[in-house]
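Being a predicted model, the structure only gives us computed values, none of them experimental. Numbers for residues simply follow the sequence, beginning at 1. Whatever order the structure lists them in is the order used to number ligands and atoms, beginning at 1.
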Amino acid sequence: MKFNKVCVLGLGYIGLPIASTLATHGVKVTGMDSNPRIVETLEKGELHIYEPGLKALVEQAVQSGDLKLSHEVEPADAFIIAVPTPITTDKRADLEAVKSAATSIVPHLKKGNLVMLESTSPPRTTVDIVAPILERSGLKAGKDFLLAYTPERVLPGQIIKELATNPRVIGGVDAASTKAGKALYKTFVTGEIILTDATTAEMVKLMENTTRDINIAIANEFARLADRLGVDVWEAISIANRHPRINILRPGPGVGGHCISVDPWFLVEAAPEITPLIRTAREVNDAQPEFTFKLIERALGTMIGKRIAVLGLSFKPNVDDLRESPAIEIARMIQEGGATLIAFEPFKPDLDLEDIPHSDTLEETLANADAVVLLVAHTQFCKLDPQQVGRVMSGRIAIDTVGGWDPVRWSEAGFQLTRLGVGKTN
Ligand code: SAJ
């Protein structure tokens, strides 16, 4: 089975790397996004998102003539839907973008075409929601056209590499669809391709991210306990992790991003009465920014009148992605607490958060600050020299919410360092 032309719907963190990767593997690709600003930005040779290696890949794809950018869906042999699936305020999956993408394929759908859904979706979305929409074309899923789900499991920051090397799960609505999906992804996937059915493939993805969420929740609870009981959670975790079957994750200021903090709700929504653990883990992680804020408040005595330098606003280290970021939530709490805050996010030089005062430079952020709060473990922040930091700041209070700073070095530099998950022993 050969796919000479593919149309990728949605040019975000997943769609753009997929479209560019396919185009650099000899496939004619139309990358479409319904947001005209995104297409315009890409046409100017700029990117609307940051991901290491992506700019060069997009350039290569466009220059080869094999990646065409468009506002509209175009006829193709295969269609890949890679649009967002956010949650609503009442924690239900918002499938509007998926439905609208599927609807826009209908007029172009031909016999023998393949449609792949990559957007993280609640179980049964492919069979119960996408198939019926596509069948408005008069064609039957699994009979006239092929339809499969393939979850995206790449880690932001390593997307380009993991897109090819990660094991790829493909689940069709029937065996022919699964086989067709494999043929398409084999174009660029070097990792193992695992075949299953569509609903299992959807579940796999949700189970992975839910497991990670639960594992982070327990790490966060350990941090709370350590704080209460006079233990250093970082030391305790590193010792526990020497057990051959234990791998405790890192506590932190909360769980952000568009995946782990969202996906478990898709399972809760599917069956609330049998998913208390998943719900509780979500609630624990959602409450972590508040816990972290209280820690900061405790370290400062009072927020009022203090000038606080906040390091990092992204949802995790070394990425520019601000979606569902606990750091932003905490920055807002600090401000509401009456402090004068100035934040620095080196991965987002064009930051346009109106309600959070920010600077473009570390020096300006730290200048005359009473306290510095580390909210994201960006490598450059973890490597900061406390002696140099001390020279710029006026106060000597430091709060590390991510386990990034060496307590000995910071206290030798005269700082009173408060760390998340480290209780006082006296
Ligand atoms: N976090 C912690 N402690 C940890 C690890 C992470 O507090 O030990 C926090 C991070 O700071 C961040 C959040 O959790 O706020 C999520 O970060 P992450 O690195 O765990 O995950 P994501 O959201 O960047 O990517 C996840 C990955 N899923 C798994 O590892 C099971 C990735 O493979 C998926 O492709 C991605 O979700 C997705 O798109 O679903």
Side-chain angles (χ1 to χ4, degrees), residues 10 12-15 17-18 49-52 82-87 93 118-122 150-163 165-169 191 201-224 233-234 237-238 240-241 246-267 281-282 284-289 291-292 312-330 347 374-379 381-382 400-404 420-421:
Y13 282 94
I14 299 303
I18 287 273
I49 48 177
Y50 172 78
E51 172 64 28
V83 295
T85 42
I87 39 168
E118 280 217 22
S119 311
T120 303
S121 302
T150 181
E152 200 43 79
R153 298 137 90 215
V154 286
L155 199 66
Q158 299 180 35
I159 292 180
I160 310 300
K161 178 180 153 279
E162 289 202 358
L163 210 51
T165 57
N166 274 0
R168 163 77 55 174
V169 180
E202 291 164 346
M203 270 295 279
V204 165
K205 162 78 188 205
L206 299 173
M207 282 163 52
E208 288 167 355
N209 279 357
T210 299
T211 302
R212 192 150 170 92
D213 196 39
I214 291 173
N215 286 337
I216 299 169
I218 193 72
N220 283 335
E221 272 198 2
F222 289 153
R224 296 177 194 181
V233 79
W234 305 98
I237 289 175
S238 79
N241 282 352
I246 295 297
N247 182 21
I248 302 169
L249 296 181
R250 296 175 71 82
V255 170
H258 53 297
C259 309
I260 310 245
S261 64
V262 172
D263 299 357
W265 289 117
F266 293 180
L267 293 177
R282 266 299 57 245
V284 167
N285 287 334
D286 273 354
Q288 193 67 0
F291 174 83
T292 308
L313 289 174
S314 64
F315 89 89
K316 71 171 200 172
N318 304 323
V319 300
D320 77 330
D321 198 335
L322 303 180
R323 284 177 291 179
E324 320 290 332
S325 173
I328 292 184
E329 223 180 308
I330 295 165
F347 285 84
L374 177 61
L375 287 183
V376 184
H378 290 319
T379 311
F381 291 157
C382 294
D400 172 6
T401 70
V402 294
L420 179 120

Problem set entry | S261 and N285 side chains, donor-acceptor separation under 3.5 Å | no
For this session: Examine ligand 1 and decide if any of its atoms is less than 4.0 Å from a heavy atom belonging to G254.
Result: yes
Exercise. Atom 40 (O) of ligand 1: which protein heavy atom is closest, and how many Å away?
Worked result: K205 NZ, 2.4 Å
Problem set entry | Any N or O of F315 closer than 3.5 Å to N or O of ligand 1 | yes
For this session: May I ask you to check whether T120 has an N/O atom sitting below 3.5 Å from an N/O atom of ligand 1?
Result: no
For this session: Please lay out, stage by stage, how E152 and I18 fare under the test side chain to side chain contact (heavy atoms under 4.5 Å, CB included).
Result: CA-CA 10 Å; E152 200 43 79; I18 287 273; 3.9 Å; yes
Exercise. Are any of the N/O atoms in E208 less than 3.5 Å from those in ligand 1?
Worked result: no
For this session: For ligand 1, note which part of R250 has a heavy atom under 4.0 Å away: side chain, backbone, both or neither.
Result: both
Exercise. If you measure from the Lys or Arg side-chain nitrogens to the Asp or Glu carboxylate oxygens, is any gap between E118 and R168 under 4.0 Å?
Worked result: yes
For this session: Keeping the roles fixed (side chain from E202, backbone from T120), state whether a donor-acceptor pair exists under 3.5 Å.
Result: no
For this session: Say whether G257, considering both its backbone and side-chain N or O atoms, lies within less than 3.5 Å of an N or O atom on ligand 1.
Result: no
Problem set entry | Shortest protein heavy-atom distance from atom 39 (O) of ligand 1, along with the residue and atom involved | C259 SG, 2.8 Å
Seminar exercise, completed: The residue among I330, V402, N220 that forms side chain to side chain contact (heavy atoms under 4.5 Å, CB included) with T292 is I330
Problem set entry | Contact check: G256 vs ligand 1, nitrogen or oxygen atoms, below 3.5 angstrom | yes
Problem set entry | ligand 1 N/O within reach of H258 N/O, cut-off under 3.5 Å | no
Exercise. So, T401 side chain and G252 main chain: donor-acceptor pair closer than 3.5 Å or not?
Worked result: no
Exercise. Does any N/O atom on E162 come nearer than 3.5 Å to any N/O atom on ligand 1?
Worked result: no
